[in-house]
Structures are given as C-alpha cells and as structure tokens.
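See below for the structure under consideration.
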Amino acid sequence: MFEQAGARPWARRAQDELRAAGENGGAPPPSALDALTPQELRIAGLVADGASSKEIAARLFLSPRTVEYHLYKIYPKLGIGSRTDLARLVVLRKAPVAGNDML
C-alpha cells in the first residue's frame with residue numbers, strides 16, 4: 001500500500017518490521033487476488049474461512065475434485081503453495097487498514 005501511494009520510506013520501514021517479525025516478505029501484493037476468476041475468489045474465500053474441499057464443493061454445488069483443480073490453478077497465480085498461505089493472503093486483503101479512520 002505504501003508503494004502504491006509513493007511512500008517509499010514507509011514501505012521500506014514496513015518491510016523491515018515484517019522481516020523483524022519473522023515474515024519472509026515474499027508474499028504477493030494484495031492486488032494479486034485480482035488475477036483470480038470469480039469462482040477462484042469464492043473458493044479462496046471459503047478456504048480462508050476454514051472450509052474443507054468437501055464442504056466448499058457442497059456449498060458451491062461442485063465436486064471436491066473440481067475444488068482441488070481450482071486450488072491447483074490458484075496457488076501458482078498467487079505465488080503460494082498451501083491453504084495456510086492462501087488464507088493469510090485473503091484475510092490480509094479483507095482486513096481494514098490500520099489508521100485509515102483518521103483520513
């Protein structure tokens with residue numbers, strides 16, 4: 001977000017803080033979810049909510065294998081490799097920006 005706003009010193013500081021907290025800093029930017037299709041976004045949101053492939057399939061009237069196929073396509077698009085990474089990315093995208101109420 002700082003990069004997009006042109007606030008490079010703040011972006012560097014945020015990256016330094018993330019590294020100090022143990023994050024690898026290699027997570028894709030929040031706009032990475034824009035690369036997903038609407039169906040992939042639905043599935044990603046349900047994964048973030050903790051639903052299993054079987055539960056997602058039932059909710060979206062798909063087969064569990066189709067859900068797994070979508071996940072197989074989602075991971076490389078976002079540069080991630082697990083449900084945990086996907087959930088973290090989706091949750092961070094949905095989270096309100098701290099201090100935004102002051103604007």
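Just so it is clear, the structure is predicted and the values come from calculations on it, not from any experiment.
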Q.
So, taking the atom named CG in Leu62 and the one named CD in Glu68, what distance separates them when rounded to the nearest 0.5 Å?
A. 12.0 Å
Q: Looking only at non-hydrogen atoms, find the nearest pair between Ala87 and Ala48 and report the distance.
A: CB-CA, 3.8 Å
(Q) In the structure I gave you, are the side-chain heavy atoms of Leu60 and Leu46 within less than 4.5 Å of one another anywhere? (A) yes
Q) So which heavy atom on Ala57 is nearest to which on Pro64, and how close? A) CB-N, 3.5 Å
For a quick test of your reading: what N or O donor-acceptor pairs under 3.5 Å do the side chains of residues 71-86 make, sequence neighbours left out?
residue	atom	partner	partner atom	Å
Tyr75	OH	Arg83	N	3.4
Lys77	NZ	Glu40	OE1	2.8
Lys77	NZ	Glu40	OE2	3.3
Ser82	OG	Thr84	N	3.4
Ser82	OG	Asp85	N	3.1
Ser82	OG	Asp85	OD2	3.3
Arg83	NH1	Ala51	O	3.2
Arg83	NH2	Ser53	OG	2.4
Asp85	OD1	Arg88	NH1	3.4

Q: Identify, with sequence neighbours excluded, every residue that meets side chain to side chain donor-acceptor pair (under 3.5 Å) alongside Arg42.
A: Gln39
